[in-house]
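The next block holds one structure in the form of structure tokens; read it before the comments.
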Amino acid sequence: MASHAVCIQRVAPPCFGASQVNKSKTVSPFSVSITRRKRRSSGVRCSIADFIGGDLVKPDIGRWLDDVEKHKAIAIYTPHEGGYEGRYLNRLKEQGYYFLDISARGLGDPETTLLNPYPVCPAHLGKQPIARWYYPPEVDYRLSALPPNAKGLVVWVIEAKVLSKSELQFLALLPSLRPNVRVVAECGNWRKFMWKPLAEIAELATQE
């Protein structure tokens, strides 16, 4: 019978040089607490008003009504989740105002659409003659249909942030052209509901 020899060889563990060894840095707990404090201090600061329900009626309703009557054209900034502006809209309804809700996207020339008869071309589908229909001015038509006990008409412009400066200036001057008209334009978003005079946003006061 053939005998099988088994050769056992001891393999020494590999040796690494000093340059190949990853030296671990010792971090003291005091420095970790400092970095944590720095990270926490860079966050967003909240006030007590951020923890109060946003759907509640704020105590600035009286100032809101006074500013609408004083400036007649208001630029508002609403939170992104929406719904807050409805509380202020309802207060204007209780005062006797009627509303014209329009979107700034696709509005065209505001002066032509709101104060003059404007044309609308329906789709002709490629085979029919191109027609042009004329609609009455939106503001004058609504003013003529108001009941006698109405206080006025509020033109509520949605997405007014896409309008140019000249178009915002016209909306700011609209109450001077039609005394029974008030303008509320949604010009952007903010963490809470806030408003400013539209003439200030459109830089109309500086030009005058």
Let me see the working for V120 and R132 under side-chain contact (heavy atoms from CB on, under 4.5 Å), right down to the final yes or no.
CA-CA 6 Å; V120 174; R132 178 176 292 181; over 6 Å; no
Grouping I, L, V, M, F, W and Y whenever their side-chain heavy atoms are under 4.5 Å apart, do L168 and V162 come out in a common cluster?
no
Do the side chain of E200 and the main chain of P197 share a donor and acceptor less than 3.5 angstrom apart?
no
About how many Å separate CG of L174 and CD of Q169, when rounded to the nearest 0.5 Å?
14.0 Å
Heavy atoms, side chains only, cut-off 4.5 Å: are W156 and L100 in contact?
no
Heavy-atom distance under 4.5 Å between the side chains of F170 and L114, does that happen here?
yes
If you round to the nearest 0.5 Å, how far is CG of D66 from CG of D60?
11.0 Å
Exercise: identify the closest heavy-atom pair between A104 and A160
CB-CA, 3.9 Å
Exercise: identify the closest heavy-atom pair between T113 and L107:
OG1-O, 3.0 Å
What about L65 and V181, same hydrophobic cluster or not, with Ile/Leu/Val/Met/Phe/Trp/Tyr joined at side-chain heavy-atom distances under 4.5 Å?
no
Are the side chains of N180 and Y98 in touch, meaning some heavy atoms are under 4.5 Å apart?
no
State the CD1-CD distance between I158 and E85, to the nearest 0.5 angstrom.
8.5 Å
Quick one: CH2 on W195 to OH on Y77, what's the gap to the nearest 0.5 Å?
13.5 Å
Grab the two heavy atoms, one from V68 and one from R182, that are nearest each other, plus how far apart they are.
O-CD, 3.8 Å
For residues P175 and V183, determine if any side-chain heavy atom of one lies less than 4.5 Å from a side-chain heavy atom of the other.
yes
Between L115 and P137, which heavy-atom pair has the shortest distance, and what is it?
C-CB, 3.4 Å
Do V157 and V184 come within less than 4.5 Å of each other through their side chains, counting heavy atoms only?
no
Nearest-0.5 Å distance that lies between atom CG in L173 and atom NZ in K72:
13.0 Å
Could you tell me if the side chain of W133 sits less than 4.5 Å from the side chain of P119, heavy atoms only?
no
Using 0.5 Å steps for rounding, measure from the NZ atom of K196 to the NE2 atom of H71.
12.0 Å
For residues E159 and E186, determine if any side-chain heavy atom of one lies less than 4.5 Å from a side-chain heavy atom of the other.
no
So which heavy atom on A75 is nearest to which on I201, and how close?
CB-CG1, 3.7 Å
Under 3.5 Å donor-acceptor pairs involving side-chain atoms of residues 138-155, not counting sequence neighbours:
from: E138; atom 1: OE1; to: R142; atom 2: NH1; distance (Å): 2.8
from: E138; atom 1: OE2; to: Y118; atom 2: OH; distance (Å): 2.5
from: D140; atom 1: OD1; to: R178; atom 2: NE; distance (Å): 2.8
from: D140; atom 1: OD1; to: R178; atom 2: NH2; distance (Å): 3.4
from: D140; atom 1: OD2; to: R178; atom 2: NH2; distance (Å): 3.2
from: S144; atom 1: OG; to: D140; atom 2: O; distance (Å): 3.3
from: S144; atom 1: OG; to: Y141; atom 2: O; distance (Å): 2.7

Among Y84, Y88, W190, F193, exactly one meets side-chain contact (heavy atoms from CB on, under 4.5 Å) together with T78. Which residue is that?
F193
